[in-house]
Structures are given as structure tokens and as C-alpha cells.
Amino acid sequence: MASAAPPDRLSYEALLAGLTFGDAEAGRVFIRRFQSRVFGLAQAVLRDPVLAEDVAQEAFLRAWKHGQSYDPRRGTVAAWLLRITRNLAIDALRLRRAEVMDPDVLAALAPPSDISVEDAALTSEAAGAVRRALRSLPEEQSRALMLAAFYGRTAEEISRFEAIPLGTAKTRVRLGLSRIRALMTTTAEEA
Amino acid sequence: MDCSQAGAMLDELALDVLPGDRRTALLGHLEGCPGCRHLLDELSETADALLLAGPVVTPPAGFEDRVLARIDTPRPRVGAQAGTGTRARAHTRFRLLAAAAAAAVLLGTGGLAGAHLGGSSGGHEFQTVQLISATGADIGDVSTYDGTPTWFFMRLEGPLPNGTYRCVLDVDDGRTVPIGSLWAANGHGGWGEHVRVDPRHVTAARLLDASGATVATARLR
């Protein structure tokens, strides 16, 4: 007989499958596990809680409609959902022709104190390592990387936004991402 | 395009900010360059890690109910008639592309862990059971939900050879019910399907290789 185990034994992939099948209970658990992360990202990009909720809701609807297209070779369920959220938030920004980009979104990266148990499970050591790595970057690299990673800005757009040459913008993004990669690798090896 | 030129754009592709013209050229190079593809995988993983380290903010009260209400809203389906959210998706299949690894028959008796999520509607419940390989290794899990619709989901996270595996359910009346195929790649894979079998009568879920041999089993009863 199967024996009892903690509810978090149900994998994110299985919950996504349940959501995609139209299973309300699986959908509820899936939403609970990711809602603070999805809403937090949308709000960080949009700086508008009402619009952020619209985007966050739409992100879960996209997950429901397109769950079958999820490919684990391209990343985790969480990363897939957050990429959807980021792209929706960027689209919403562009629709409003808003220029609320704030690369100091870094300031919001500190883990909050009121997150749920489900979200706490996702606030891992790895995320902490990434935050530390981001803070260790030269400020100009960090800003360029944030503009690309969170606001979807191209090198050309970063060049204009930061009033720097295009080549400099590309270099800052490339060095920033490479540096984060290196620091993450070092942290993983030390662990 | 050579690897040096490609390498100068991989970070922008990983961050999904590479403009269309250069993106097309880079994707063409990647098709024939495993080395650059590997580097792209690493940078994409880093880009994902940035998003995963992003802000975590509790949404306004009632958020999940509002999302679920929208999911229950009728919507048109491509190639099928419209229906309610749940019913329209009753026959949806869910496939995760992934890797696999080999094995032989299993039938281990130990290590069968189940997970029961409380609060499911109508007395239905989730159950998750470990998927055990012939050598006794934990190589994934099988999740079930005995509600409406009833579904099974098989997840592989362990060493099986790349390839396609058939997923079957053993029922306590002696039947073996096929529910689809799992494509395993590099140790990962998954398959889910809505089924018309009462999970309470399913004794095991198995993965079969091309020869029909059982390579992994999850015992549900």
C-alpha cells in the first residue's frame, strides 16, 4: 500500500498537468505555489498593483492553456511560468507606452518576511546566491543586466536609456550575465 | 557565422532580447554547433535563475479564486467544440519531453510513498507514488487524481536510456490499460492523460520499453 507523505511530494510538473487537464484542485495548489512569485515579478516590472494582478492572472491562464507545450529540457516549471509572466508584463508596459523602467528593481530582491510556506520552498539557497552575485556586480553591469532580464530591453534600448554607446551596452550585459554564471558555479562547487 | 560571432550574441538570446534578424542567423548557427548550444543552455539557466531570484510578493486576497473563476469560463478550442473549462479539457493529453534511462523490470516492494493532499473536493484525492526501476532506484513518480476528470501523470527523473516508453496501468480486474507514451531524454520525461479508469482499482502504473518489458513500476495498491 502507498503510505502517507507530505503534500509537496506532488511535483510541479504533475500539478501543471492537473491544471492543464482542467482539474480545479490541482490548479488551486499550482496557483498557491507560484502566485507570490508571479505577482511579485509582475509588480516589480509594472510598479502598478492593479495591472500586476491582471498580468499575474493572465500568466496562470496561459499556463493552463499552454501547459502541454512546457518542455523541461528548457527549464523548470517555475522558470517557464516566470518567463511567461515577464513577457506579459513587458507587453503591458509597451501597450501603455510606459517608461517606468527601474533597474534598481534589485532593491526588491530581498526575500520578504510574509511569504507562504509554498513560496518559501522556492526561496532557495540558489536564489540567495543569485542575489548575492547581483549585488557584487559593478553597478553599471547590474543595471544593464536588470534592464535586459526583467524589462526585456535590447542592447539598443539599453544604449539609449543609459546614454551609452551600443557596444558598451552589449558588453555590460554580456559581462554581467557571465559574472553571475561564474559566481553561481563557484557557489555550487563550494556547497 | 562562426562561433566567435555567435558567442557575442548568446547572452542576448538567453535573455530573450535578441532582435529578430540576428536571432534568425544565430539559430541557424546553433543548429549545427553543439558547443554553442551547450553554452546557450548554461546562459539560459543563468537567465532563469535571475527571474527565480526576483521579488516575492503576496498578491491581494482572493487572487487564486479569481484565477480559477477565469479558468472555468467557457472558451473556444481549436479543432473541437466549445465547452466549459473543465469539460472542454477532459481529453487533454499532457506530454513532457525529456530524457530517459534504461532498465529492467521492477517490482520493488519498498519505498512506496504516497502523498494525499487534503481538502480535495468531493472526497477525491491526489496520490503520488514513487516510480521504482528494476534495480530498485527511485527514478520518478506517478501522480493520480481520482476526481472529474480522473488523470494520471508519470514523471521520469532518473537514468533510463533515451527513447520512447509505453505507459500502462494495471487494473485489479486483470486488465492492462495503455495511457500513452513517455519520451525520455537525458534522464527526464513525463506523460499525463485523462483516463476512464477508477484509480481506486488501479494496482500499478508501469513503463514498458520497446520490447514490452517493464522497466519501472509504481505500486498504487
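Letters A, B, ... mirror the listed sequences (proteins, then strands); counts begin at 1. Since we're looking at a predicted model, the values are computed, not measured.
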Margin query: Looking only at the aromatic ring of each residue, does the gap between the centers of A:Phe60 and A:Phe34 stay below 6.0 angstrom?
Written below: no

Check: Do you know which of B:Met9, B:Glu45, B:Glu157 has the most heavy-atom pairs with chain A at a distance under 4.5 angstrom?
Finding: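 It is B:Glu45.
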
Notebook entry, point to check: Any idea which of B:Asp65, B:Asp11, B:Leu10 has the most non-hydrogen atom pairs under 4.5 angstrom with chain A?
Noted result: B:Asp11

Checklist line | Heavy-atom proximity to chain A below 4.5 Å, by part of B:Glu64 | finding: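 Contact with chain A involves both backbone and side-chain atoms of B:Glu64.
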
Given a strict heavy-atom distance threshold of 4.5 Å, which part of [X] is in contact with chain B: side chain, backbone, both, or neither?
X        : result
A:Glu156 : side chain
A:Ala155 : both
A:Gln43  : side chain
A:Arg86  : side chain
A:Ile90  : neither

Note to self: My understanding is that only residues two or more places apart in sequence, or in another chain, count here; which of them pass side chain to side chain donor-acceptor pair (under 3.5 Å) with B:Arg23?
What the structure shows: B:Asp16

Next item on the list: Indicate the atoms forming the closest heavy-atom contact of B:Pro60 with A:Glu53, along with that distance.
Entry: CG-OE1, 3.3 Å

Check: Considering only heavy atoms from C-beta outward, does the side chain of A:Phe150 approach that of A:Leu41 to under 4.5 Å?
Finding: yes

Item checked: Donor-acceptor pair, side chain of A:Asn87 and main chain of A:Ala89, under 3.5 angstrom -> no

Check: Do any pairs count as a salt bridge (charged side-chain N to carboxylate O under 4.0 Å, His left out) and have a residue in residues 168-178 of chain A, sequence neighbours left out, and if so which ones?
Finding: none

Next item on the list: Flag the one option from A:Ile180, A:Leu177, A:Thr154 with the top tally of heavy-atom pairs under 4.5 Å to chain B.
Entry: A:Leu177

